[in-house]
Chemist: 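To start, I am sharing the structure in question, which I have written as structure tokens.
The chain is numbered in sequence order, starting from 1. All of these numbers come straight from a predicted model, not from anything done at the bench. Values below: all heavy atoms of this structure, side chains included; hydrogens, waters and symmetry mates excluded.
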Amino acid sequence: MLAPSYQKLKDILSKSIDPKRILTNPLQTLAYGTDASFYRLIPQIVILAHNEAEVVEIIRQATKLGIALTFRAAGTSLSGQAITDSVLVVATHGWKNFELLDNNQKIKLEPGIVGARANIFLAPHGLKIGPDPASIGAAMIGGIVANNASGMCCGTAQNSYQTIANVRIILHDGTILDTADINNVTAFKKNQTVLIQEIENLRDTIKDDEILYHLIKNKFKIKNTTGYSINAFVDYEDPIEIIKHLMVGSEGTLAFISNVTFKTVIDEKHKSCSLLIFKTIQDACNATILLKSAPVAAVELLDRESIRSVENDPDAPAYFKTLPESACALLVECRDNDLVILHHKQEQIRLKIQSIPTYAEYEFTSDPQQYYFNWKARKGLLPTVGGLRKNGTSVIIEDVAFPLPQLADACLAMKELFQKHEYHDAVLFGHALEGNLHLVFSQDFSNQTEVDRYEKLMSELAILVVDRFNGSLKAEHGTGRNMAPFVEKEWGTKAYEIMKRIKNIFDPNNKINPDVLINPDPKAHLKNLKPMPESHAIVDKCMECGFCEPHCVSEGLTLSPRQRIVIAREISRLEESNDNPERLAAIRKDVAYQLDETCATDGLCALACPVYIDTGKFVKTWRANELNTSAKKTASYIGSHMAVTTSVMRSGLKIVSFFHSIFGTNIMTALSNLSHFVTFGKVPKWIPEMPKGANKINMNQKH
């Protein structure tokens with residue numbers, strides 16, 4: 001039962017938005033409310049918005065009723081920035097338009113376009129978008145911009161912040177700002193004088209404070225997505241440019257992004273990579289320092305535990321299993337449009353690091369199989385490591401950044417920290433060239449002792465990163481709920497107050513994705529933790545990353561593979577606990593159609609899953625287990641009497657074809673629709689394309 005204000009919002013919006021896209025039943029709100037993080041909040045309402053006019057109406061009506069909104073696209077966020085217990089607005093289907101501009105030097109994209117899809121649009125022109133996160137095959141443009149995504153090759157030079165050309169946003173009161181439209185900008189400046197003045201005041205405050213000014217300059221010399229992109233006040237004078245760049249990395253807490261225009265970058269035609277194995281992580285980090293001035297496109301670090309997580313892959317080289325425990329790998333990529341220059345770059349790279357011995361000889365490869373495996377191993381590390389965890393635990397990923405000269409010491413310090421708190425499965429990998437490392441480990445949240453252990457780890461990690469190495473607590477995955485309590489720790493009081501003022505300028509009522517990025521609760525990262533109960537051996541290793549969703553044929557009709565697993569897990573949890581039979585009954589009411597009947601069971605999801613989870617196979621198992629006794633008897637009879645069954649089916653098709661020849665298509669269609677209606681859908685509808693019954697095959701006939 002919805003609270004009165006939510007019911008009123010639903011009733012009002014149902015007049016202008018298809019009620020079928022305003023979801024309130026327990027199964028759908030849980031399924032759509034889940035993201036890739038280890039947090040869970042279940043929305044009161046999920047609205048599948050299809051266009052800008054709908055979003056404007058949603059914002060205006062929610063504002064009148066004092067209801068909080070959270071905007072989301074793919075839900076691949078890792079830090080809890082895309083969940084809510086209020087109203088979730090999903091902008092995926094209906095948000096797929098794009099436009100190439102300025103002789104392909106720019107591309108305008110709506111938020112529901114998958115990042116890899118944007119690159120497909122640009123590939124014929126030898127171009128791509130700048131951001132290249134490992135999740136680019138599933139992450140959508142809205143989230144890529146909202147989290148200031150970067151990735152393997154783009155570094156800080158080609159991330160979302162650096163390559164944004166224009167943005168179209170909707171503010172908390174429904175006002176639209178389109179920075180590409182001169183007339184709109186002029187009107188915005190005239191009608192939003194208070195907002196513009198506030199932005200200019202903040203700009204001047206920062207520039208008049210020399211210590212704060214240089215703090216911001218220095219903090220953004222390395223990757224940093226902790227808090228807001230306050231470097232916009234340092235990098236730009238024009239308030240519109242400042243607003244534009246503040247939207248990048250704002251995690252949906254300031255406005256809704258309707259579209260974004262990126263400056264495109266060159267996608268070199270020829271690519272090669274090599275996996276360099278070093279004896280120690282110190283050698284790998286020292287080599288990275290030398291490679292900073294080499295012609296490399298990417299340098300990715302994989303510690304020994306990372307290598308171990310992929311050594312059983314069918315394409316993995318056999319020597320992976322024989323490496324010493326101290327070993328560390330660097331995946332080095334170089335690119336060019338000229339093959340001769342590419343080979344020259346490879347030689348330059350060799351010369352740069354010749355002073356640091358490698359564990360084994362290495363070669364650069366463009367062989368598709370080996371090249372693909374190297375990058376598959378790196379891009380899939382998060383869910384692959386997650387797939388090795390103990391059932392019932394969550395997979396945690398943090399990403400931090402350090403000044404490059406301190407990377408080796410920081411790696412060793414983090415490994416010591418993990419050992420101290422007994423996180424023996426923890427792995428380190430990431431974008432070494434930027435001093436950016438991802439820490440992945442499994443965490444049991446089922447009891448307070450384990451939650452306390454996690455709290456101690458995070459507190460000491462913050463001290464290590466900020467106080468000891470002057471690094472970034474969040475390098476590219478966004479602050480979210482997980483690092484919100486530590487934003488002031490990293491930035492200090494002055495900068496944090498600036499960020500709070502930014503939030504108040506754009507969201508004075510604190511109703512746009514509240515409690516994300518700015519959260520006064522020092523324990524926020526320990527609350528609303530997602531349960532991960534065991535459900536079935538086929539899907540228990542799923543970490544709900546969402547990599548499968550773009551490949552699912554029923555996503556958008558009912559549920560995606562990730563969402564099917566979420567629902568199955570919740571049913572298992574409720575059945576085990578037996579503490580909420582009403583909720584269990586409500587979810588089970590819709591589960592047959594949503595989870596089972598609309599799954600194609602084609603296994604396409606397994607092709608995209610880094611741990612090869614075939615949700616289709618799971619659904620087949622579910623289907624067999626859920627069949628009632630009568631259905632099982634019927635299925636058993638049919639299976640044991642196929643000759644009779646096929647004979648009846650042939651006769652039935654011949655009879656239908658006979659009546660079609662007499663009545664004609666129009667009358668036959670009308671009769672079919674009537675019988676379908678009066679039997680409440682039990683008799684399927686007839687269509688003209690229905691085949692005639694075939695003749696029985698004579699198995700004794702000689703050919």
Chemist: Look at the side chain of T288 and the backbone N and O of A284, then say whether any donor-acceptor pair between them is shorter than 3.5 Å.
Modeler: yes

Chemist: Is there a ring-ring contact (aromatic ring centres under 6.0 Å, His included) between F402 and F469 once you walk through the steps?
Modeler: CA-CA 7 Å; F402 303 99; F469 293 105; 5.6 Å; yes

Chemist: Between the side chains of R481 and S77, is a donor N or O closer than 3.5 angstrom to an acceptor N or O?
Modeler: no

Chemist: For the residue pair K269 and R335, establish whether any side-chain heavy-atom pair is separated by less than 4.5 Å.
Modeler: no

Chemist: Would K474 and E251 pass as an ion pair if we require N to O under 4.0 Å?
Modeler: no

Chemist: Using a cut-off of 6.0 Å, state whether more than 12 heavy atoms not belonging to Y372 lie near its atom OH.
Modeler: no

Chemist: Show your reasoning for whether side-chain hydrogen bond (donor to acceptor under 3.5 Å, both in side chains) applies to Q282 and N286.
Modeler: CA-CA 6 Å; Q282 296 99 314; N286 290 333; over 6 Å; no

Chemist: Less than 6.0 Å separating the ring centroids of F486 and H525?
Modeler: yes

Chemist: With D336 as reference, evaluate K345, H343, H344 under the side-chain hydrogen bond (donor to acceptor under 3.5 Å, both in side chains) test and give the passing residue.
Modeler: K345

Chemist: Is the shortest side-chain heavy-atom distance between K352 and I349 below 4.5 Å?
Modeler: no

Chemist: I'd like to know if K128 and E268 make a salt bridge, using a cut-off of under 4.0 Å between side-chain N and carboxylate O.
Modeler: no

Chemist: Between the side chains of E460 and R468, is the shortest nitrogen-to-carboxylate-oxygen separation below 4.0 Å, so that they form an ion pair?
Modeler: no

Chemist: Verify whether one side chain among N312 and K321 offers a donor that lies under 3.5 Å from an acceptor in the other.
Modeler: yes

Chemist: Just checking, is any N or O donor in the side chain of E555 or S560 under 3.5 Å from an acceptor N or O on the other one?
Modeler: no

Chemist: Between R623 and F618, is NZ or CZ placed under 6.0 angstrom from the six-membered ring centre and within 45° of the ring axis?
Modeler: no

Chemist: Side chains of V427 and S306: closer than 4.5 Å at any heavy-atom pair?
Modeler: yes

Chemist: To the nearest 0.5 Å, what is the distance between CG (L517) and CE (M483)?
Modeler: 12.0 Å

Chemist: For the CZ atom of R308 and the CG atom of D303, what is their distance to the nearest 0.5 Å?
Modeler: 9.0 Å

Chemist: Answer with yes or no after comparing the ring centroid distance for F441 and Y423 against a 6.0 Å cut-off, counting only values under it.
Modeler: yes

Chemist: If we check side-chain contact (heavy atoms from CB on, under 4.5 Å) with P131, which of these qualifies: N148, I144, V145?
Modeler: I144

Chemist: Find the distance between CZ (R564) and SG (C605) and round it off to the nearest 0.5 Å.
Modeler: 8.5 Å

Chemist: CD of Q348: more than 12 outside heavy atoms within 6.0 angstrom?
Modeler: yes

Chemist: Between D444 and S446, is any side-chain donor less than 3.5 angstrom from a side-chain acceptor?
Modeler: yes

Chemist: Do E490 and T226 pair up side chain to side chain, a donor and an acceptor below 3.5 Å, judged on atom types alone?
Modeler: yes

Chemist: Any salt bridge between E363 and R350, counting N to O under 4.0 Å?
Modeler: yes

Chemist: Would you call R562 and E544 a salt bridge, taking side-chain N to carboxylate O under 4.0 Å as the test?
Modeler: no

Chemist: Would you indicate whether the side-chain heavy atoms of I266 and N337 approach each other to under 4.5 Å?
Modeler: yes

Chemist: Apply side-chain contact (heavy atoms from CB on, under 4.5 Å) to A600 and list each qualifying residue two or more places apart in sequence or on a separate chain.
Modeler: V553, D602

Chemist: If you measure only the distance, is there a donor-acceptor pair under 3.5 Å linking the side chains of E476 and T225?
Modeler: no

Chemist: Salt bridge or not for E575 and R573, using N-O below 4.0 Å?
Modeler: no

Chemist: Do we see a donor-acceptor contact under 3.5 Å between the side chains of K223 and S472?
Modeler: no

Chemist: Would you give the length of the straight line joining atom CG of L457 to atom CG of L417, rounded to the nearest 0.5 angstrom?
Modeler: 5.0 Å

Chemist: Hey, could you give me the CG/OH distance between N231 and Y161, rounded to the nearest 0.5 Å?
Modeler: 3.5 Å

Chemist: Rounded to the nearest 0.5 Å, what separation is found between the CD atom of Q346 and the CZ atom of F364?
Modeler: 5.5 Å

Chemist: Decide whether E300 and H431 meet the rule of one side-chain donor and one side-chain acceptor closer than 3.5 Å.
Modeler: yes

Chemist: Quick one: ring-ring contact (aromatic ring centres under 6.0 Å, His included) partners of F320, sequence neighbours excluded?
Modeler: none

Chemist: Is it the case that the side chain of T479 and the backbone of G227 share a donor-acceptor pair, with hydrogens and angles ignored and the cut-off at 3.5 Å?
Modeler: yes

Chemist: Would you tell me whether D35 and Q81 have side-chain atoms, one donor and one acceptor, within less than 3.5 Å of each other?
Modeler: no

Chemist: May I ask you to test the E455-K523 pair for a side-chain heavy-atom distance under 4.5 Å?
Modeler: yes

Chemist: So does E534 pair up with R569, basic N to acidic O under 4.0 Å?
Modeler: no

